[in-house]
Amino acid sequence: MKERILLIGSGGREMALTLALLASPSCEKIIVAPGSDAIAKHTACRPVAADDIEGLVQLAQEEEISLCIVGPELPLSLGIADRLESLGIGVFGPTKRAAQIECSKAYAKKLMQEAGVPTAAFRHFTDRDAALKALDELSFPLVLKEDGLRSGKGVHIVAGKEEAKKTLLALEISESSPLLFEEFLQGYEFSLIVLAQGDNFICLPIAQDYKAIYDGQEGPNTGGMGAVSPVPKVTPALVEESVEKVIKPILKALIADDAGFCGFLYAGLMATEKGVQVIEFNARLGDPESEVILPLVEGDLVKAIREILEAGPGEFQGTSPLLKLKKACSLGVVLSAPGYPGTVTERVAIPQEFFDKAEAAGLSIIHMGTRIGENICQSSGGRVLIVLAQATDIPAARKKVYDFLEKEAALIEKLHYRTDIGLSAF
Ligand code: AMP
Ligand code: GLY
């Protein structure tokens, strides 16, 4: 069966998905909503916003979509999967109830506790005074997490009581804006993303995301400044432990909670002295993880999604013959606009020469936030582009990307990038 696909989203993740879906023999057609100027160079885009649920449903009906794939979390949290499912339209993305695993940290923690999934100890507050009082009983560093969707920016790691107090006074804490105190975990962070449905899952290669804005994990957190996949430091035994202690039990707990999960399930994990621990779950693919992972996947991604959608209990337990992984390393460095992750202060023009030279150097570029006019490409967001290379190992992939960025520095003078992506992965 050839699928008519609607992909929702507009960022780098969705451009990477577009290219991977277009390369699948089972893809008949793909429409992206709202998409971007860069995505529109590859396939049709329609100007329906990712949070316009009724608009998206109407588009799916008009275009006789057989399979909808959801990129970002927002439409999931608004119930896009529930709506499409009720109309009999195939959708790879969790229901509103299951998407709470990302949208509500309190829900995710409760589920992990019930399932015995290892995660940092935590306390939940809906009142500032109670949170301030609790500071007397806790040790530092301490992690303060704002609940709800925060684009990776609602986490504050505080070194001591004074800093904690200051942070608490600056945050809104209420019934509708709860705050979590979490034990600070020390270890090595990595992401395991699976395609899931019920208790079925297919593992994608492990990725590592570099979240802080500056080298050496300095400065505020961002959505991710670069990534690498696979990660040599994450051994097969560690992957096995993550599957057994995290993926299998959480999928079972979701089923038991009447929230059987369908879609990409992202586990943000930490290898600690006590074993693997969950930092967070996301109900979607990661960004920039998608940009490094998807080029490593060979085979028919669309058919694999259809097969897992229709699988009975227990049919896929980690792998699928439809998805083979290339024996290569993939690495990407994000270029960000001035001001990011704070307020972006400037739109930066990127000359065509930069893209031409990247192609000639054997690199690929995914647009994360740009507008493309007739003769101009301009940044339109905080994270602008990700420059990607594949090679036999990480040092070789690093060399390809960084040699290029150094050589062409004059073309991207105003954009910022980290120089240590991949260094800690091997
Ligand atoms: P989150 O939004 O929950 O993914 O957190 C963003 C980042 O903050 C994570 O990728 C970690 O680097 C860091 N972080 C979150 N929770 C913890 C924790 N309990 N211990 C240490 N670091 C954490
Ligand atoms: N790169 C982390 C995320 O997508 O949440």
Side-chain angles (χ1 to χ4, degrees), residues 9 11-14 16-17 70-74 76-77 99 101-109 112 117-124 138-159 167 179-193 204 206-214 216-229 231 263-274 276-294 332-334 336 341 366 368 382-383 386 418 421 424:
R13 166 184 47 215
E14 288 76 21
L17 263 170
V70 189
E73 59 278 19
L74 185 58
L76 297 168
S77 72
I101 196 160
E102 168 167 7
C103 307
S104 160
K105 293 194 191 284
Y107 176 81
K109 284 289 193 185
M112 283 189 263
V117 170
T119 187
F122 71 100
R123 285 174 69 176
H124 182 245
L138 294 163
S139 55
F140 295 88
L142 182 70
V143 184
L144 311 186
K145 285 190 179 179
E146 300 168 67
D147 210 343
L149 299 176
R150 309 276 171 174
S151 307
K153 294 173 208 156
V155 175
H156 313 267
I157 297 173
V158 291
T167 308
L179 184 80
L180 251 61
F181 279 8
E182 212 177 83
E183 167 200 4
F184 177 76
L185 296 173
Q186 219 152 7
Y188 185 77
E189 219 177 314
F190 63 98
S191 314
L192 168 57
I193 304 174
L204 291 172
I206 299 293
Q208 190 193 356
D209 174 21
Y210 290 75
K211 298 200 188 208
I213 184 79
Y214 303 123
Q217 303 296 6
E218 295 290 329
N221 265 347
T222 70
M225 290 301 293
V228 53
S229 178
V231 184
F264 293 101
L265 179 65
Y266 168 132
L269 303 171
M270 180 96 86
T272 73
E273 276 180 354
K274 300 187 282 187
V276 72
Q277 303 265 330
V278 175
I279 302 236
E280 64 163 348
F281 284 109
N282 292 321
R284 52 171 174 81
L285 271 171
D287 192 352
E289 287 90 336
S290 314
E291 289 93 316
V292 291
I293 290 175
L294 291 171
V333 176
V334 171
S336 65
I366 293 270
M368 301 180 91
R383 293 188 294 172
I386 180 166
R418 279 180 63 160
I421 304 302
S424 61

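Numbering of ligands and ligand atoms starts at 1, following listing order.
Set against the non-hydrogen atoms of Phe184, the atoms of ligand 1 under 4.0 Å away are 20 (N), 21 (C). Shown in contact with Gly223 at under 4.0 Å from a heavy atom are these atoms of ligand 2, numbered in order with element: 1 (N), 2 (C). Residue Tyr266 has at least one heavy-atom neighbour below 4.0 Å for each of these atoms of ligand 2: 2 (C). In summary, the atoms of ligand 1 found under 4.0 Å from a heavy atom of Lys145, numbered by their order in the structure, are 3 (O), 15 (C), 16 (N). Below 4.0 Å from some heavy atom of Lys105 lie the following atoms of ligand 1, by number and element: 2 (O), 3 (O). Per-residue contacts place Asn221 under 4.0 angstrom from the following atoms of ligand 1 (heavy atoms of the residue considered): 6 (C), 7 (C), 8 (O). Interface of Gly286 with ligand 2, defined as ligand atoms under 4.0 Å from a residue heavy atom, comprises 4 (O). The contact set between ligand 1 and Lys211, taken as ligand atoms under 4.0 Å from a residue heavy atom, comprises 4 (O), 10 (O).
The closest protein non-hydrogen atom to atom 2 (C) of ligand 2 is Asp209 OD2, 3.4 Å.
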Please determine whether salt bridge (charged side-chain N to carboxylate O under 4.0 Å, His left out) holds for the pair Lys274 and Glu183, giving the CA-CA distance in whole Å, both sets of side-chain angles, and the decisive distance to 0.1 Å. CA-CA 13 Å; Lys274 300 187 282 187; Glu183 167 200 4; 3.1 Å; yes
Can you check side-chain contact (heavy atoms from CB on, under 4.5 Å) on Thr222 and Val334, steps first, answer last? CA-CA 11 Å; Thr222 70; Val334 171; over 6 Å; no
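Taking a 4.0 Å cut-off on heavy atoms, Pro288 registers as neighbouring ligand 2. In this structure, Gln277 falls outside the shell of residues with a heavy atom less than 4.0 angstrom from ligand 1.
Contacts of Glu289 with ligand 2, taken as heavy-atom pairs under 4.0 Å, involve the side chain alone. Neither the backbone nor the side chain of Gln186 comes within contact range of ligand 1; no heavy atom lies under 4.0 Å. At a heavy-atom distance under 4.0 Å, atoms from both the backbone and the side chain of Leu185 approach ligand 1.
For the residue pair Tyr266 / Glu102, no side-chain donor-acceptor distance below 3.5 Å is found, with atom types taken as modelled. Between the side chains of Tyr210 and Ser424, a donor-acceptor pair is found at a separation under 3.5 Å.
Put simply, the side chain of Leu269 reaches to within 4.5 Å of the side chain of Val278, judged on heavy atoms. Looking at Phe181 and Leu144, their side chains come closer than 4.5 Å, going by heavy atoms from C-beta outward. Residues Glu189 and Lys211 have side chains in contact (heavy-atom distance under 4.5 Å, counting atoms from C-beta outward). Here the side chains of Leu285 and Ile293 are not in contact, with every heavy-atom distance at 4.5 Å or above.
Nearest to atom 4 (O) of ligand 2 by heavy-atom distance, out of Glu73, Arg284, Lys211, is Arg284. Considering Leu142, Ile279, Leu144, Leu180 only, the shortest heavy-atom separation from atom 14 (N) of ligand 1 involves Ile279. Of the candidates Thr222, Thr272, Ile157, Leu269, the one placing a heavy atom closest to atom 22 (N) of ligand 1 is Ile157.
Between Lys145 and Glu280, no side-chain nitrogen of the basic residue sits less than 4.0 Å from a carboxylate oxygen of the acidic one, so the salt-bridge criterion is not met.
The CD atom of Gln186 sits 8.0 Å away from atom CE of Met270, with the distance rounded to the nearest 0.5 Å.
The backbone N or O of Ala212 lies less than 3.5 Å from a partner atom in the side chain of Arg418, making a donor-acceptor pair.
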